[in-house]
Amino acid sequence: MKLGNIVSTWLFIAALAILLSQLSHAMVQSKAWEEKLGSALRDLIAQKSENCNLYLVSADNSSPIFDASVRWAEDNVRAVNVVNLAKGRPYIDSESMVAILHQILKYSWCWVVVLDLSTDRDLVLRFMDTSRLFYFPNIPIIMIGPERNVEECFLGHKTLRNSIQSLYLSYPDGIYEAQSSIQGSEGELKVYARCLFCNAGNAGVLLLHAWKSTDRLTKRIETLDESRNFNGHLMRVVCLKRIPYINYDENWNGPPGTIGPLDSLEFRITDMAAQVFNFTYTASEPWDGEWGLPNEYGNFSGIVGTLQYEKADFSYLLTALPVRWLAMESGLVYIPDPFIIISPKPGPMPKSLSIVSPFKELVWVLVLLSYIAYSLSLWLVEKGRRAITGHREKGITYSFFYTLTVLVEDPPVALPSYFSGQVLIGFWLLVSFIITSAYRCSLISFLTVIETYPAIDSMEDLWTRKGWTWGSIYLPHSGASYLYLAENPNPVIRKISKEIEILPSENHLPRILRGRYSFITRYSWALSAMLQAEMYGLPIHISKAQYPVSSGYSWGFRKGFPMKEPIDKLQLLIRENALADVWLKAVTKYIADKVGRNSTVRETEGESTDHQVLSMEHLQGVFYLVFLGAFLAFLSFAVECTLFHCCSGYFASAST
């Protein structure tokens, strides 16, 4: 019995010794792996965080790998931010922590994010997803964890869907498990990268480097550069028709819910980008046909809302409004696209008053007052001379007609015989010569050069023009154009917006040519009409005043779109080489020629530069004056006859 107890005791002691030996070996093995992983992680961080700051996130406050990295980073990195998501801490899902991370990533110039996935992987990824890390595709992200989780972390979580610099440092599975099949402290460490388009245009995983755990990481790890080849990736475009910038066929035979691109500037740029970067695209309209404004909850409608919900990758021709930056990212701004006014070319003014046109109203009043003053002065001199010398007075009628003959440069041969009258008439001759010479020269110019009505060059000119109407194309209430007109601080512009007629774009030019109608539109819409006017000599006038709605147009991208930078660079290259201007002119010319062939607009002759031959149109005012003189003479004759008959009896009775 005693021998059995002794044997059992010794067997228990032997088993315990073996267990302790295995545990000690596992601890030594784990410690060795922790040192090697820490060394590899430090080497990788050193490569990626040159002159950058470091952001470390872990779910375990006792992670030896992470602690070693923190100690090393504090001595070798410019700035270190550590977030410990240990269970039980109150700020695991704290909005303040998320906001702090978001502000750090948004406003700091260079950061590297390191995620420790060796313990609670889902907690770390959930925190990063809440912090909207996917809005920052260019920030390097380094993850460390077991090899079995590579694909699940890279492809199974949306946190990294936009990242173009994601690395995963993997260690062999089970090194922290008691049943680990790994013997000793040797094994392979691997670095994987997440690619956006390597898997036939879709996301995939690539092995960048593998090395023995006993070695140091000496190779420089570079993330895959996919900025020049999207490998056939399918881009989603959302847009609305805006000729000549955007044109498409809504009823084409393509996939349901899409539109068929037609020749226009933006689709030409997109086709070139698709060839350069090797991608394909589909285009569609927004679900509500709007451009995009926010509601009270911060959600946007139209195109901007489509980008906000990430149902499209980019769009065209969006006005760069600050309020929209909350839901999307803006690309390069186009040239400004202001409002302008297209009106009929000013027509000639009526010629019935051409003989009085050379002088302004004030000049005519002064000439008339001068004539009356000199006539009365001559009569008063005559009257005073009669009182002094007793000579016969010639009367006031003679004085008025005498100064009138001098004014029209046909004075009587006999001048006044007295000196005071000669001085008076002499100065009147000088005044009359100056007046008639100026009138004659001005009259010649008015008869040979057709005077036109004032052109409509501003909103104020349009509002004050009597009997005039104006219109525009459809202005969606969610667009910047409508808001500019309806909410403008200028009261005249607000009044004009209330009486504006909404017509299809092809109906405006014929109405302009019929007269008394103006077309208020953006410069981009007016390109085809301006080109038609140049090609066919159409009599239209473009206002000098321009009304900028905003800083201009730009492409809109969904937030975090990883390929925004290369597309922006291509757009800048296209515009700097004036290729966009060439395309715009070509598209506009084609559209204008198509509209011109289908419209009833007829060409008009240009103004002749030959010598002007005076016609009835020029001299009709003279003949009106003839009839006016005859009418006044007849009227005065009737007045004289009436006075004679009425007063003849009175004079006869007085003589008796």
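These values consider heavy atoms only, across backbone and side chains, with no hydrogens, waters or symmetry-generated copies.
To the nearest 0.5 angstrom, I144 atom CD1 is 6.5 Å from D116 atom CG. Atom CD1 of residue I142 and atom CG of residue L115 lie 9.5 Å apart, to the nearest 0.5 angstrom. Rounding to the nearest 0.5 Å gives a distance of 5.0 Å between CZ of F561 and CG of D313. The CZ atom of R268 lies 9.5 Å from the CG atom of L584; values are rounded to the nearest 0.5 Å. Between I139 atom CD1 and I164 atom CD1 the span is 10.5 Å, to the nearest 0.5 Å. The distance from atom CG of L240 to atom OG of S284, rounded to the nearest 0.5 Å, is 10.0 Å.
Checked against the 6.0 Å centroid threshold, Y547 and F339 do not count as a close aromatic pair. Here the two rings, on F267 and Y316, have centers that are under 6.0 Å apart.
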Let me check something: any side-chain donor-acceptor pairs from residues 190-204 under 3.5 Å, sequence neighbours excluded? List them with distances.
residue: K190; atom: NZ; partner: E147; partner atom: OE2; Å: 3.0
residue: Y192; atom: OH; partner: E147; partner atom: OE2; Å: 2.8
residue: R194; atom: NE; partner: F154; partner atom: O; Å: 2.7
residue: R194; atom: NH1; partner: L160; partner atom: O; Å: 3.0

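When every heavy atom of N229 is checked against every heavy atom of N231, the shortest pair comes out as OD1-N, 2.9 Å. Between P286 and T306, the shortest heavy-atom distance links the atoms CB-OG1, 4.1 Å. Among all heavy-atom pairs drawn from S554 and G331, the shortest one is CB-O, 3.7 Å.
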Please lay out, stage by stage, how T270 and Y281 fare under the test side-chain contact (heavy atoms from CB on, under 4.5 Å).
CA-CA 9 Å; T270 307; Y281 69 94; 3.6 Å; yes

Pair M235-T280, side-chain contact (heavy atoms from CB on, under 4.5 Å): steps then yes or no
CA-CA 6 Å; M235 299 285 188; T280 60; over 6 Å; no

Carefully, step by step, assess Q308 and N299 under the rule side-chain contact (heavy atoms from CB on, under 4.5 Å).
CA-CA 8 Å; Q308 181 184 20; N299 297 319; 4.0 Å; yes

Give the C-alpha distance, both sets of side-chain angles, the deciding distance and a yes or no for side-chain contact (heavy atoms from CB on, under 4.5 Å) between K241 and N247.
CA-CA 5 Å; K241 184 177 292 187; N247 194 14; 3.6 Å; yes

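When side chains are defined from C-beta on, E565 counts as touching N138, because their heavy atoms get closer than 4.5 Å. Here the side chains of L317 and I246 are in contact, with some heavy-atom distance below 4.5 Å. With contacts defined as side-chain heavy-atom distances shorter than 4.5 Å, the pair P261/V237 does not qualify.
In terms of modelled atom types and a separation under 3.5 Å, the side chain of S264 and the main chain of L262 share a donor-acceptor contact. In terms of modelled atom types and a separation under 3.5 Å, the side chain of S315 and the main chain of V238 share a donor-acceptor contact. Within the 3.5 Å criterion, the main-chain N or O of G292 finds a donor-acceptor partner in the side chain of R324. No donor-acceptor pair closer than 3.5 Å links the side chain of E290 to the backbone N or O of S301. Side-chain atoms of N149 do not come within 3.5 Å of backbone N or O of C153 as any donor-acceptor pair. Distance alone, capped at 3.5 Å, places no donor-acceptor pair between the D271 side chain and the A274 backbone. Using modelled atom types, no side-chain atom of W555 and backbone atom of Q571 make a donor-acceptor pair closer than 3.5 Å. Under the 3.5 Å distance criterion, the side-chain polar atoms of N577 are left unmatched by any main-chain donor or acceptor of L579. Checked by atom type and distance alone, the side chain of E329 pairs as donor or acceptor with a backbone atom of G560 at under 3.5 Å.
Remark: R242 does not engage E266 in a salt bridge, criterion side-chain N to carboxylate O under 4.0 Å. Ionic pairing of E310 and R236 is not present here: no N-O contact between side-chain nitrogen and carboxylate oxygen is shorter than 4.0 angstrom.
By the salt bridge (charged side-chain N to carboxylate O under 4.0 Å, His left out) test, D288 pairs with no residue at all, sequence neighbours left out. Scanning for salt bridge (charged side-chain N to carboxylate O under 4.0 Å, His left out) contacts around E152 gives R121, with sequence neighbours left out. Applying the ring-ring contact (aromatic ring centres under 6.0 Å, His included) rule to Y248 yields no partners; only residues at least two apart in sequence or on another chain are considered. Considering only residues two or more places apart in sequence or on other chains, F300 meets the ring-ring contact (aromatic ring centres under 6.0 Å, His included) condition with none of them.
Side chain to side chain, Y135 and R558 fail the donor-acceptor criterion of an N or O pair below 3.5 Å. For the residue pair W325 / S330, a side-chain donor-acceptor distance below 3.5 Å is found, with atom types taken as modelled.
Sorted pairs that involve residues 162-172 and meet salt bridge (charged side-chain N to carboxylate O under 4.0 Å, His left out), not counting sequence neighbours, are lacking altogether.
Classified by interplanar angle (parallel below 30°, tilted 30° to 60°, perpendicular above 60°), the ring pair F277/F279 is parallel.
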